[in-house]
Amino acid sequence: MSYGFVTAIDFLGTFAFAISGATAGVRRHLDLFGVLVLAFAAATAGGITRDALLGATPPVALVDWRYFAISMLAGLIGFFRHDAIERFRNPLQISDAVGLGLFAVIGAGKALDYGLGPVGAVMLGILTGVGGGIVRDVLSMQIPIVLQRELYAVAALVGALIVVAGHALALPAAPTAVVGAVACIVLRFMALRRGWQLPVARARH
Amino acid sequence: MSYGFVTAIDFLGTFAFAISGATAGVRRHLDLFGVLVLAFAAATAGGITRDALLGATPPVALVDWRYFAISMLAGLIGFFRHDAIERFRNPLQISDAVGLGLFAVIGAGKALDYGLGPVGAVMLGILTGVGGGIVRDVLSMQIPIVLQRELYAVAALVGALIVVAGHALALPAAPTAVVGAVACIVLRFMALRRGWQLPVARARH
Amino acid sequence: MSYGFVTAIDFLGTFAFAISGATAGVRRHLDLFGVLVLAFAAATAGGITRDALLGATPPVALVDWRYFAISMLAGLIGFFRHDAIERFRNPLQISDAVGLGLFAVIGAGKALDYGLGPVGAVMLGILTGVGGGIVRDVLSMQIPIVLQRELYAVAALVGALIVVAGHALALPAAPTAVVGAVACIVLRFMALRRGWQLPVARARH
């Protein structure tokens with residue numbers, strides 16, 4: 001994938017996750033700075049974990065100041081325009097789903113660039129996609145969305161799989177990434193709307 | 001330690017922790033994929049953290065697809081055979097203890113291979129042993145077992161110490177690792193059965 | 001900054017955070033080893049994260065046994081002298097604030113040494129400062145202090161900013177670091193005493 005294309009996708013995902021973090025922060029009655037911290041953490045934790053595990057240190061989110069600037073912009077919007085944002089249906093889940101899809105394909109693509117095999121690339125794609133949401137939810141003392149129903153990690157899996165399959169078939173990278181991201185986001189939306197979910201085991205406890 | 005021996009121990013620990021993660025997930029009423037995510041997270045978080053801190057990136061759990069396959073197998077067993085597993089006394093604690101012992105000796109051994117000193121190797125052994133359980137418990141919103149009583153981290157300490165002491169005395173690595181792992185697992189079992197524990201301070205709050 | 005000066009500051013921060021971790025552990029009725037684990041985790045998580053993200057592996061806290069020794073000493077004091085410590089007003093918050101200021105300036109300084117730009121260095125300074133407290137609070141199932149009010153991360157920001165500004169102006173590093181740490185600690189103390197805080201958004205949920 002070309003550098004500019006990857007960066008554009010990464011910035012979009014950063015913005016989406018930062019909005020989700022800021023929204024979670026305002027709902028928890030954090031102050032302005034706590035909201036900005038949560039916006040930044042949600043926006044960058046997935047990519048920072050990805051880069052740390054690939055040995056691509058220091059992580060791009062700490063090297064390129066634009067990740068910080070985008071997170072702060074989204075955090076300020078999330079703080080000062082909270083009412084407008086809450087008028088959307090499930091703004092936290094929508095922005096989270098968009099970030100999930102974008103980061104899953106970016107993570108899988110970067111893992112392939114660093115020489116990981118298909119299984120490792122899919123796993124790192126999922127980890128990049130779900131990492132920001134996990135940190136956001138753990139910091140605000142919620143059970144992470146990833147562990148709940150409605151095909152959350154499955155959607156990230158589908159997005160990452162499409163990227164890895166496209167790579168194996170030598171398809172052009174950018175359109176494949178767009179297809180993967182859209183598939184992930186649509187699948188997650190449909191699961192939320194229609195209540196699609198996987199089976200649950202009956203626990204004895 | 002020979003590569004094959006280390007890998008065999010590592011796979012066993014991966015299976016044990018994955019069972020503990022899957023059991024925790026079913027108890028929390030997660031869906032199939034959430035259970036698989038928790039199985040994989042519990043099984044690989046300790047080793048991934050170990051490799052990231054040693055600079056051994058990308059972590060072996062993302063490079064070698066067998067870690068993924070073993071986690072999934074254990075996760076599926078944990079999901080579809082939950083009732084059979086719960087017939088054991090404390091299946092979560094048993095599988096957790098086995099993983100703890102195996103990962104503590106693997107972590108300490110790998111740290112020595114990477115040139116860490118004895119104190120660092122013991123600490124990294126403990127961290128490798130307890131890391132998977134911490135991630136599993138934090139993700140499912142439980143107080144981590146490591147912070148509770150009954151000699152949990154002490155057992156990991158004993159296992160890692162035996163490996164480091166054996167290395168200092170130039171004893172053969174594989175039998176030393178087995179002794180360390182068995183000592184850790186037995187100590188943890190006895191503490192669970194007999195209620196052995198360390199003193200607790202009285203807090204004023 | 002000279003090696004000896006940095007190390008002295010780092011040891012002080014390690015001691016302060018370890019006391020905060022031990023105090024949190026005793027309040028949660030952990031046993032002796034759980035208290036020591038929490039002391040070590042609070043004391044080293046910020047620096048370990050910093051080193052992992054800079055690619056400075058293995059982290060200095062695992063290489064240099066004195067970090068371990070200082071954490072254990074502070075943990076034992078926190079365990080066996082808990083009553084004396086609780087006679088201070090807010091001992092957890094005081095020790096946490098001292099560690100925050102010292103680690104924020106160390107983190108920012110080390111990031112500059114590794115070639116990060118000003119924005120990255122400030123972010124890594126904040127991360128180093130708040131990392132130990134986040135791990136301590138998440139492990140003991142509290143909402144992290146960093147997300148609460150009273151200018152917590154703002155104080156770390158100020159400390160890190162002073163170090164980065166001093167570097168940009170070519171001021172001598174050691175006095176700048178002292179000024180940054182003192183500014184951070186004083187700001188955090190004043191915010192705690194006087195209830196200074198940033199605005200909070202009204203959430204609709």
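The chains referred to below are lettered A, B, ... by the order of the sequence lines, with proteins before strands, and numbering in each begins at 1. Atom set for the values below is all heavy atoms of this structure, side chains included, hydrogens, waters and symmetry mates excluded.
Comparing Ala69(A), Pro58(A), Gly34(A), Gly25(A) by heavy-atom pairs within less than 4.5 Å of chain C, the highest count is held by Pro58(A).
For Ala52(C), the part lying under 4.5 angstrom from a heavy atom of chain A is the backbone only. For chain C, the nearby parts of Val63(A) are the backbone and the side chain; heavy atoms of each come within less than 4.5 Å. Only the side chain of Phe40(A) has a heavy atom closer than 4.5 Å to any heavy atom of chain C. Contact of Ala56(A) with chain C is not made at all, since no heavy-atom distance falls under 4.5 Å. Of the two parts of Leu53(C), the backbone and the side chain both hold a non-hydrogen atom closer than 4.5 Å to a non-hydrogen atom of chain A.
A salt bridge between Arg188(A) and Asp96(A) is absent, with no side-chain N of the basic residue lying under 4.0 Å from a carboxylate O of the acidic one. Here Lys110(A) pairs with Asp51(A) in a salt bridge; the nearest charged N to carboxylate O distance falls below 4.0 Å.
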| Step-by-step ring pair (Phe, Tyr, Trp, His ring centres under 6.0 Å) determination, Tyr67(C) to Phe11(C) | CA-CA 7 Å; Tyr67(C) 290 89; Phe11(C) 284 172; 5.1 Å; yes
### Task
Would you check, one step at a time, whether the test side chain to side chain contact (heavy atoms under 4.5 Å, CB included) holds for Phe103(A) with Ile126(A)?
CA-CA 8 Å; Phe103(A) 278 1; Ile126(A) 296 176; over 6 Å; no
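Between the side chain of Asn90(C) and the main chain of Gln93(C), no donor-acceptor pair closer than 3.5 Å is present.
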